[in-house]
Amino acid sequence: MGYFADETEWIDAINIAGNSTASLRERMDRDFNFYRLVPFKMPGKNVDSYENVTSNKPAVLANKIMELFAGSRLKFGIPLTEEDKNQRLDVTQTELFAHGCISLADFHLEQLGMPDVKDLTAFYATIRGYICNRFWFRESEFRGLKYLLPDIMPWDVRNCYWGMGKDGLEWVAYKRWATLEQAKEEYGEDVEADENGVVNLINCWDRGYEWTMDGRTQQFLKGKGEKDEHGLDYIPIYIRPVGSVPHLQGPHISDSIEMVGESVYKNNRILFERESELLTYHMTITAQGARTPTVIFYKGDIPPKLKNDPYKKGGVLFLKEGEDIKPYATPNLPAESRTSYQMFERMDSMGGISSIAHGVLDESLPASGINMLMKSALSVMMPIKKAVEKSFEWLAAEAISQFKEGDYDEITVQGMDNRRKQFYTKIKPGDLTDERQLIAEVVVETPMDELSEAGRAVSLVDSKIVSKRFARDKIIK
């Protein structure tokens with residue numbers, strides 16, 4: 001028997017977890033709407049005449065962060081103080097094994113039409129403010145070739161539900177949606193699509209078993225979805241919030257769960273809609289000026305056409321007073337409007353990335369200037385970068401642990417090492433060391449970094465202050 005006795009207990013636990021984190025998931029939905037630039041609409045009544053404008057700053061801010069991750073490289077290293085040749089060999093094999101597992105997992109995700117592990121993890125950390133990765137080894141096949149697959153799958157924590165005990169995760173459930181064809185291929189014929197033509201699947205894990213439930217019928221699937229003993233005494237899933245904010249509790253705190261795991265929008269979330277509103281006022285007045293109507297002064301009753309919006313292309317405004325045609329006054333933006341926009345710009349810069357880092361400047365910059373701007377952007381992404389690095393440390397440790405403790409033979413591992421040089425090597429479980437912590441680092445390079453690091457390393461080696469190995473491992477990243 002697993003942690004829960006049957007499907008009903010699983011559903012009850014998922015519902016309780018969902019209710020207790022409802023405000024957190026609602027915040028994630030709002031943040032994603034900011035990112036995908038859901039069109040802004042002026043609130044209130046009689047607002048049809050407004051020229052609605054949606055600020056693009058949420059998408060620009062998040063994309064800038066993810067672009068830095070996309071251009072970065074991943075390093076694995078085991079710090080050694082006094083190393084001999086044998087230790088260095090074990091350490092090197094362990095580092096290469098970690099790289100090889102990530103490389104093979106990236107290849108698998110690519111076959112599924114998905115971004116690689118680093119880019120996916122960075123996306124969820126940036127937009128959701130949480131990281132949720134699942135890892136386990138399984139047999140797979142590609143073009144008739146069978147191989148051991150390090151199955152790494154970054155999950156969207158928005159659809160993940162879990163329960164914690166004193167020693168960590170006790171159970172995890174992940175909701176996902178698949179086409180009917182995909183579901184039948186994975187779980188046989190015992191599935192049916194909903195009214196939208198998709199199948200809701202709930203992947204359930206506890207400390208002993210893993211199996212899948214049909215979200216529509218709330219019944220465990222047979223065949224491949226049947227309860228499967230995963231062979232571990234823990235759940236191979238990593239869940240981590242971004243940032244330092246804990247779940248604060250107390251009699252005067254109504255609900256702080258939505259502050260846990262903050263996304264990149266944590267500082268400027270309250271500004272985005274107000275910016276769109278201000279931009280809408282600007283665009284509306286500008287459009288009115290471009291569509292100034294003709295004014296006709298005349299005698300008699302004012303016709304019903306006056307009720308229409310005169311600020312439309314070809315509009316005519318009728319006013320009662322001697323018949324004449326005169327140019328109508330063009331509307332102007334009030335000075336307060338420009339001041340307000342400048343105020344929002346300053347608040348944006350304080351809470352996010354400075355506008356000049358987005359290219360808003362009047363002159364070209366040398367490489368040193370670009371370097372400085374990118375460094376300022378890095379300070380905003382530091383909590384995200386730290387969370388991504390910790391997730392890769394967990395993935396590497398999990399790969400080493402499962403490979404050493406499993407009944408596996410020698411395998412061939414290939415990929416790109418810390419120097420971005422391709423490697424190809426054979427590794428047995430006994431070749432790996434788990435006695436020392438493997439450190440992961442996401443190296444975000446700016447235009448002058450490599451040159452400055454190389455120059456400093458050469459100078460220190462020439463002065464015999466450090467060894468070539470120290471310069472290679474510690475200075476030239």
Side-chain angles (χ1 to χ4, degrees), residues 21 23-32 34-35 57-77 115-133 154-158 160 162 164 237-248 255-272 347-355 357-358 372-397 437-446 449 477:
T21 56
S23 62
L24 173 63
R25 298 172 198 277
E26 290 170 2
R27 188 212 77 196
M28 292 179 180
D29 291 340
R30 292 195 303 272
D31 285 351
F32 185 63
F34 286 136
Y35 175 70
K57 286 184 178 178
V60 172
L61 174 61
N63 286 331
K64 286 291 181 182
I65 299 296
M66 289 184 279
E67 286 164 10
L68 290 172
F69 274 105
S72 68
R73 58 189 172 98
L74 179 65
K75 286 184 60 178
F76 286 111
D116 62 28
V117 177
K118 176 163 63 70
D119 288 352
L120 264 178
T121 304
F123 173 83
Y124 288 129
T126 302
I127 303 299
R128 298 301 198 195
Y130 258 90
I131 291 175
C132 181
N133 286 337
W155 281 349
D156 183 356
V157 77
R158 168 64 178 80
C160 195
W162 64 90
M164 287 283 187
I237 295 173
Y238 178 82
I239 301 174
R240 176 193 175 91
V242 174
S244 307
V245 180
H247 184 194
L248 300 175
D255 190 1
S256 67
I257 188 65
E258 66 178 285
M259 298 177 62
V260 180
E262 275 291 357
S263 72
V264 73
Y265 302 135
K266 60 185 176 183
N267 295 327
N268 291 349
R269 187 180 290 119
I270 61 174
L271 299 178
F272 295 142
M347 295 172 70
D348 262 326
S349 296
M350 288 189 293
I353 300 176
S354 175
S355 297
H358 301 316
M372 195 164 48
L373 294 180
M374 293 183 69
K375 289 293 187 183
S376 71
L378 292 182
S379 64
V380 178
M381 67 179 286
M382 286 308 295
I384 301 171
K385 181 175 178 289
K386 178 181 177 181
V388 172
E389 290 171 343
K390 290 298 181 181
S391 74
F392 275 104
E393 289 178 7
W394 179 86
L395 287 172
Q437 183 182 3
L438 193 67
I439 304 299
E441 181 182 5
V442 176
V443 182
V444 181
E445 296 170 327
T446 54
D449 282 346
K477 297 182 179 181

Distance, nearest 0.5 Å, that separates OG1 of Thr121 from CD1 of Ile384: 12.5 Å

Return the NZ to CZ distance between Lys57 and Phe272, rounded to the nearest 0.5 Å. 8.5 Å

Check whether any side-chain N or O of Lys385 sits under 3.5 Å from a backbone N or O of Val442 as a donor-acceptor pair, and report yes or no. yes

Partners passing side-chain contact (heavy atoms from CB on, under 4.5 Å) against Ala122 (at least two apart in sequence or in another chain): Phe69

Taking every non-hydrogen atom, the tightest pair across Asp119 and Ala70: OD1-CA, 3.8 Å

Any donor and acceptor pair, going by atom type alone, linking the side chain of Tyr238 with main-chain N or O of Leu395 inside 3.5 Å? no

Nearest-0.5 Å distance that lies between atom CG in Leu61 and atom OG in Ser263: 9.0 Å

Check Leu74 against Ala440 and note the closest heavy-atom contact, atom names and distance. CD1-CB, 4.5 Å

Minimal non-hydrogen separation, Lys266 against Pro383, with atom names: NZ-CG, 4.0 Å

Please check: side-chain N/O of Asn268 versus main-chain N/O of Leu271, any donor-acceptor pairing under 3.5 Å? no

With side-chain contact (heavy atoms from CB on, under 4.5 Å) as the test, would you mind laying out the steps for Phe34 and Val264 before giving the verdict? CA-CA 11 Å; Phe34 286 136; Val264 73; over 6 Å; no

Sequence neighbours excluded, the answer for side-chain contact (heavy atoms from CB on, under 4.5 Å) partners of Ala397 is none

Separation of Arg158 CZ from Asp29 CG (nearest 0.5 Å): 4.0 Å

Side chain proximity check, Ser72 to Val443, heavy atoms < 4.5 angstrom: no

Which heavy atom of Glu258 sits nearest to which heavy atom of Arg27, and what is that distance? O-NH1, 2.7 Å

Any chance you could lay out the salt bridge (charged side-chain N to carboxylate O under 4.0 Å, His left out) test for Asp31 and Arg128, step after step, and finish with the verdict? CA-CA 8 Å; Asp31 285 351; Arg128 298 301 198 195; over 6 Å; no

Minimal heavy-atom distance between Val260 and Leu24, with the atoms involved, is O-CD1, 3.5 Å

Measure across Val444 and Met381 and return the closest heavy-atom pair with its distance rounded to 0.1 Å. CG2-CE, 4.2 Å

Value rounded to 0.5 Å, distance of OH in Tyr265 from CZ in Phe32: 9.5 Å

side-chain contact (heavy atoms from CB on, under 4.5 Å) for Trp162 and Ile237? Distances and angles first, verdict last. CA-CA 10 Å; Trp162 64 90; Ile237 295 173; over 6 Å; no

Close side-chain approach of Leu248 and Met259, heavy atoms under 4.5 Å: no

For residues Asn63 and Tyr35, is any side-chain donor paired with an opposing acceptor at under 3.5 Å? yes

Using 4.0 Å as the upper bound for N to carboxylate O, is an ion pair formed by Lys390 and Glu393? yes

Side-chain touch Pro115/Phe123, heavy atoms, less than 4.5 angstrom: no

Distance, nearest 0.5 Å, that separates CE of Met66 from CD1 of Ile127: 4.5 Å

